[in-house]
Participant: 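Next up is a structure, given as C-alpha cells.
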Amino acid sequence: VDHLVHEVERRDIPVRNEWADVEAVAGYDTVVLATGAVDRPHGLAIAEDANVRRPGEIRPADITGPVVVIGAGFTGCEAALRIATDRPDTVVTLVEQEGQVLRGDEVFTDLMMLPTKVREAGVNVRTNARATAVGSDGVTLASGEIVPATLVVVAVGRTTAENTLAEELRDRGQDVVIIGSAQHPGRVLDAIHTAFFESRHI
C-alpha cells in the first residue's frame with residue numbers, strides 16, 4: 001500500500017476525493033471502476049445492543065472478552081487467527097455452517113496451512129454450526145445453543161455490487177473498464193493483476 005501511494009504521488013497523479021457520478025467523470029475517454037465489493041447479506045437477527053463488526057473493523061486492543069467469528073472462509077479464518085495471535089488470552093470461536101472450513105475460492109496454500117495455523121493458535125472451530133442470531137451475550141446457533149461473546153465478527157463473504165454507473169457511462173459513449181473486486185470479489189493480489197492487465201489495453 002505504501003509503495004502504491006508513493007507511486008501515485010511521485011507521478012503527480014491528481015486525486016479527487018468526491019462522489020463519482022456520471023457528471024464527475026464527464027469528458028474522460030476511459031473510466032476505470034475500482035469500487036470494490038459489498039458485504040454479502042448474512043440473514044442474522046442482530047440485537048441493537050450487540051457488538052458486531054466486519055473483519056476490517058477489528059481492533060484487537062479493543063477486545064475485552066470472548067470473540068465469535070461467523071464464517072470460516074478465508075477472511076473468517078484470517079480474522080480469527082489474527083485475534084488469537086494478537087490476544088492469546090482471548091477465547092476465540094470460529095463458527096461455520098458447513099462441514100469444513102475454507103469452502104470458497106481459496107488457493108491450495110491456504111488449504112494446506114491456514115486451518116492448521118488456526119487450530120495451533122487455540123481457536124475453537126465449530127463446523128456444522130449455523131448461527132441464527134446475535135445478542136449482547138453471544139451468538140445463538142440453530143441448535144439453540146448460545147456461544148458466549150462480547151464481540152462478534154461477521155465474515156460471511158463479499159459479493160459484486162450492482163453497478164449502474166458503468167451502464168450509464170457506456171450509454172454516453174465512454175469506455176468503461178471494471179477491475180478488482182468490482183469485477184469479481186477477491187484479494188489485493190487479484191485486484192493488482194486485473195488492474196495491470198486491463199490497463200495494458202487502454
Side-chain angles (χ1 to χ4, degrees), residues 1 4 17-21 32-63 66-84 86-87 90 92-107 110-111 114-115 118 123 125-142 147 149-167 176 178-195:
V1 172
L4 294 174
N17 294 309
E18 60 184 271
W19 184 260
D21 56 17
V32 179
L33 293 184
T35 50
V38 295
D39 292 320
R40 191 184 304 279
H42 49 66
L44 297 164
I46 299 179
E48 290 186 5
D49 57 350
N51 184 15
V52 178
R53 306 280 180 87
R54 293 290 183 173
E57 300 170 337
I58 302 169
R59 299 294 178 265
D62 299 333
I63 296 171
V67 178
V68 170
V69 179
I70 300 174
F74 177 80
T75 304
C77 287
E78 189 179 55
L81 177 60
R82 182 163 75 100
I83 295 169
D86 290 350
R87 297 294 301 270
T90 299
V92 182
T93 303
L94 185 59
V95 173
E96 169 58 47
Q97 66 180 0
E98 301 294 339
Q100 67 182 64
V101 302
L102 299 179
R103 292 178 53 86
D105 297 329
E106 296 81 17
V107 296
D110 298 330
L111 298 173
L114 195 50
V118 166
V123 175
V125 179
R126 301 281 302 272
T127 55
N128 293 312
R130 183 170 63 87
T132 58
V134 180
S136 60
D137 56 346
V139 174
T140 301
L141 304 181
V147 183
T150 58
L151 169 65
V152 176
V153 181
V154 178
V156 295
R158 296 171 71 76
T159 186
T160 303
E162 293 184 10
N163 202 328
T164 59
L165 180 59
E167 293 307 316
V176 179
I178 303 176
I179 65 171
S181 290
Q183 179 189 91
H184 178 75
R187 307 186 195 191
V188 171
L189 190 60
D190 300 319
I192 292 173
H193 280 173
T194 58

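Position 1 is the first residue of the sequence, and the numbers go up from there.
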Participant: Under 4.5 Å between any side-chain heavy atoms of His184 and Asp190, yes or no?
Facilitator: no
Participant: May I ask you to test the Val154-Leu44 pair for a side-chain heavy-atom distance under 4.5 Å?
Facilitator: yes
Participant: If I take atom CG from residue Leu102 and atom CD from residue Glu96, how far apart are they, to the nearest 0.5 angstrom?
Facilitator: 9.0 Å
Participant: Shortest non-hydrogen contact from Ile178 to Gln183?
Facilitator: O-NE2, 2.9 Å
Participant: Dump the intermediate steps for side chain to side chain contact (heavy atoms under 4.5 Å, CB included) on Val153 and Ile83, then the final yes or no.
Facilitator: CA-CA 11 Å; Val153 181; Ile83 295 169; 4.3 Å; yes
Participant: Decide yes or no on side chain to side chain contact (heavy atoms under 4.5 Å, CB included) for Val134 and Ile70, but give the supporting numbers first.
Facilitator: CA-CA 10 Å; Val134 180; Ile70 300 174; 4.1 Å; yes
Participant: Checking side chain to side chain contact (heavy atoms under 4.5 Å, CB included) for the pair Thr75/Arg158: CA distance, chi angles, key distance, verdict?
Facilitator: CA-CA 10 Å; Thr75 304; Arg158 296 171 71 76; over 6 Å; no
Participant: Measure the spacing between CG of Asn128 and CD of Gln100 and express it to the nearest 0.5 Å.
Facilitator: 10.0 Å
Participant: For a quick test of reading the model, state the closest non-hydrogen atom pair linking Gly76 to Ala155 and the distance between them.
Facilitator: CA-CB, 3.6 Å
Participant: Could you tell me whether the side chain of Pro66 reaches within less than 4.5 Å of the side chain of Thr93, counting heavy atoms only?
Facilitator: no
Participant: Nearest heavy-atom pair of Ala37 and Thr159: which atoms, and what distance?
Facilitator: CB-O, 3.3 Å
Participant: Do Arg54 and Val156 come close enough that some side-chain heavy atom pair is under 4.5 Å?
Facilitator: yes
Participant: If you take all heavy atoms of Val123 and Ala84, which pair is closest and at what distance?
Facilitator: CG2-CB, 3.7 Å
Participant: Please check if the number of heavy atoms outside Glu48 that lie under 6.0 Å from its CD is greater than 12.
Facilitator: no
Participant: Please identify which of these residues, Val95, Val139, Val125, Leu94, meets the side-chain contact (heavy atoms from CB on, under 4.5 Å) condition with Val69.
Facilitator: Leu94
Participant: For the residue pair Asp21 and Leu165, what are the closest heavy atoms and their distance?
Facilitator: C-CD1, 3.9 Å
Participant: Quick one: CG on Asp86 to CZ on Arg59, what's the gap to the nearest 0.5 Å?
Facilitator: 11.5 Å
Participant: Minimum heavy-atom separation for Phe74 and Leu114, please, with both atom names.
Facilitator: CD1-CD2, 3.8 Å
